[in-house]
Amino acid sequence: MTLSVILSRAVCGIRAPQVHVETHLAGGLPSFNMVGLPETTVKEAKDRVRSALQNCRFDFPQRRITVNLAPADLPKEGGRFDLPIAVGLLHASGQLGQLALDDFEFVGELALSGEIRGVAGILPHAIAAAHAGKVLVLPKDNEDEVSYVPNLKYIASDHLLAITAHLKSHPHSFQTNSTQTTLLSTTTSTLDLKEVIGQGLGKRALTIAAAGGHHLLFVGPPGTGKTMLAARLPSILPPMNMDEALEAATVASIAGLSSGYRFGERPFRAPHHTASAVALVGGGSRPRPGEISLAHRGILFLDELPEFDRRVLEVLREPLESGHVVISRAAQQETFPANFQLVAAMNPCPCGYFGTQVKPCRCQPGQVRRYLGKLSGPLLDRIDLHVEIPPLPRGTLTRAQNASGPSSSEVREQVIQARNRQFARQGCLNAALAGNEFKRHVQLSETCGLFLENAMTKLKLSTRAFYRIVRVARTIADLEDKPHITTEHLSEALQYRQFDRLQTRLQEMIGLVAG
């Protein structure tokens, strides 16, 4: 046998297209040629493979070796092809006998000693191998990462000698993951909503946001608990199902964040306000996921929102609507999931005290206007809830030991029940309702319609804001297990437009100064 074909996979975005590692041994002067659009790391595999085979006491073929990574137009990168190349050489030279390897896929990086090291992006490979019904041969370091993939058949080992011995003696022996379709366990967060003193309106808004999947903006002076509230949102969200958990884990896998990753726990990403647009949405010469994709099925928290560069914030507009982001480069285009829940916090002005009674505001009207002007209207329209977090009343902190409120577990039960009503009625969360589905499942009575039209005219709200207010009202009705939206639900939804009232106060202040 002088030709061997070994199956492996590349990683392109969140996809894992199949790669045929074709190894051919021919006569002539000894050489080792690799074709098929390999990048530098892949080309260096020939030196790692040669040393690994020699140190494992295998015969390295003194032939004209050609390794083709097909398809030829698919970019290959990383050390993931070391193991399939080594197995291909052993198979082509007859050192594995007449062993049939059509039902196996191989992935792993080789050390010079023959040890097999883990690789990044193993999860999309494992999912694709499970769907194809193949047995995946992978590094022992990656075993925990693939243990949650349903129906995956795999062999995990930490040395080339162990794999060859296993294939020769027990080719039909492998591990198989069970089928898992149930909900995963709830979050392991130690943060509890009951720890937040006061701020009943903020807690209520947090509950509504969790129940309907709505985006949320907290506005208030420094030290009132905005960040504290946002950090407790994961503790009241329902557990992810297996599909959602695999989606989130896949993004973390290709980003190289598998070490210490807690499978099944909703992501909570909080980038610093100096983050660039590429860091937020992803990019690079080889497209990689950004913060919005790493927050997929979880929360993206942007603290001090106006401190972010305006151009950075504007890149959020399309992902907030579509739930995915497309990264385009000259030679490659990849789509990454970005179905996240945005939670943001900000001060009302640079000094933080505009419109409050805590301290006198030191900012000039022009400074406040420029500060608030960093947030564009289209971006704010995509945020359903704008909630004011005021300073705590005098004496609240000293009476904190007597304060009471629902715990995160109690609120989570309300959120789960409200979400169950939404999925039973329309098959998705209220925040995702659009088009004909919105018209079918969200209907306003004549009284409610007139009430909302008057409110829109008075507050000068956009059409997008109209639909978002109605979605929030529908979520409030679901929390109360009401079949129809009432004017009370709309009134509560309208009060979560704090930013509009903040801009109104600013205009009044500017008018007084001008007068």
Side-chain angles (χ1 to χ4, degrees), residues 9-17 39 41 74-80 107 118-128 142 144-146 148-149 213 215 234 237 240 242-303 308-309 311-344 382:
R9 290 183 184 272
V11 173
C12 299
I14 61 171
R15 301 179 296 113
E39 55 120 40
T41 309
L74 180 70
K76 321 318 186 288
E77 60 179 345
R80 60 192 315 108
V107 62
V119 296
I122 190 68
L123 204 52
H125 189 152
I127 294 172
N142 294 124
D144 290 341
E145 192 174 348
V146 304
Y148 293 99
V149 180
H215 304 305
L237 289 173
M240 290 194 286
M242 183 55 64
D243 290 339
E244 292 174 335
L246 284 174
E247 289 174 8
T250 297
V251 178
S253 178
I254 62 179
L257 301 179
S258 298
S259 178
Y261 182 80
R262 294 183 177 180
F263 186 85
E265 186 171 317
R266 292 191 182 273
F268 184 88
R269 305 292 300 182
H272 193 260
H273 64 259
T274 56
S276 65
V278 172
L280 214 57
V281 302
S285 57
R286 300 290 186 194
R288 290 288 185 269
E291 290 292 340
I292 63 174
S293 294
L294 293 171
H296 181 61
R297 299 297 183 182
I299 298 100
L300 177 68
F301 177 51
L302 301 182
D303 203 2
F308 284 82
D309 188 273
R311 291 171 295 181
V312 173
L313 293 178
E314 292 305 300
V315 302
L316 294 175
R317 286 161 57 173
E318 290 82 2
L320 283 172
E321 291 283 347
S322 63
H324 65 267
V325 60
V326 180
I327 307 297
S328 297
R329 294 295 179 264
Q332 193 174 358
Q333 183 183 81
E334 295 296 341
T335 300
F336 294 102
N339 188 0
F340 61 94
Q341 191 169 353
L342 175 64
V343 181
R382 287 168 167 82

For this session: Measure the shortest side-chain to side-chain distance between I122 and V146 over non-hydrogen atoms and say whether it is less than 4.5 angstrom.
Result: yes

Problem set entry | Heavy-atom pair with the smallest gap, counting every atom of T250 and P124 | CG2-CD, 3.9 Å

May I have the list of side-chain donor-acceptor pairs in residues 269-282 shorter than 3.5 Å, sequence neighbours left out?
| unit_1 | atom_1 | unit_2 | atom_2 | d |
| --- | --- | --- | --- | --- |
| R269 | NE | E291 | OE1 | 2.7 |
| R269 | NH2 | E291 | OE1 | 3.2 |
| R269 | NH2 | E291 | OE2 | 3.1 |
| H272 | ND1 | T274 | N | 3.2 |
| H272 | ND1 | T274 | OG1 | 2.9 |
| S276 | OG | A279 | N | 3.2 |

For this session: Quick one: pull up SG in C12 and NZ in K76 and give me the separation to the nearest 0.5 Å.
Result: 8.5 Å

Exercise. Can you check whether R80 reaches H125 side chain to side chain, under 4.5 Å on heavy atoms?
Worked result: yes

Exercise. Below 4.0 angstrom, N of the basic side chain to O of the carboxylate: do E334 and R15 qualify?
Worked result: yes

Exercise. Side chains of M242 and F263: does their closest heavy-atom pair fall under 4.5 Å?
Worked result: yes

Seminar exercise, completed: On a heavy-atom basis, the closest approach of G78 and T41 is C-CG2, 3.7 Å

Exercise. Mind checking whether L302 and F308 have side chains closer than 4.5 Å, heavy atoms only?
Worked result: yes

Exercise. If you look at every heavy atom in L294 and A252, which pair is closest and at what distance?
Worked result: CD2-CA, 4.4 Å

Problem set entry | Distance, nearest 0.5 Å, that separates CG of L316 from CD1 of I292 | 6.5 Å

Exercise. Sequence neighbours excluded, which residues qualify as salt bridge (charged side-chain N to carboxylate O under 4.0 Å, His left out) partners of R382?
Worked result: E321

Exercise. Within a strict 4.5 Å, meaning less than it, do heavy atoms of the F336 and P287 side chains meet?
Worked result: yes

For this session: Using atom types as modelled and distance alone, determine if a side-chain donor or acceptor of H215 lies under 3.5 Å from a backbone N or O of L342.
Result: yes

Exercise. Is there side-chain contact between I299 and P267, with heavy atoms separated by less than 4.5 Å?
Worked result: no

For this session: With the side chain counted from C-beta on, respond yes when R286 and P75 share a heavy-atom pair under 4.5 Å apart, and no when they do not.
Result: yes

Problem set entry | Smallest separation among heavy atoms of V326 and T335, with atom names | CG2-OG1, 3.7 Å

Problem set entry | CD1 on I327 to OG on S293, rounded to 0.5 Å | 7.0 Å

Seminar exercise, completed: Looking only at heavy atoms, the pair that brings E77 and V11 closest together is OE2-O, 4.4 Å

Exercise. Looking at side-chain heavy atoms only, is the closest gap between N339 and R297 below 4.5 Å?
Worked result: yes

Seminar exercise, completed: Of all heavy-atom pairs linking F340 and P319, the shortest is CE2-CB, 4.3 Å

Exercise. Does the side chain to side chain donor-acceptor pair (under 3.5 Å) test come out yes or no for E247 and H296, once each step is laid out?
Worked result: CA-CA 8 Å; E247 289 174 8; H296 181 61; 2.9 Å; yes

For this session: Under the side-chain contact (heavy atoms from CB on, under 4.5 Å) rule, what do E244 and R266 come out as? Steps first, then yes or no, please.
Result: CA-CA 9 Å; E244 292 174 335; R266 292 191 182 273; 3.8 Å; yes

Exercise. Is the closest basic N to carboxylate O distance between R311 and E314 below 4.0 Å?
Worked result: no

Seminar exercise, completed: d(Q341 CD, F301 CZ) to nearest 0.5 Å is 13.0 Å

Seminar exercise, completed: Residues at least two apart in sequence or cross-chain that pass side chain to side chain donor-acceptor pair (under 3.5 Å) with S253, listed by chain then number, are E145

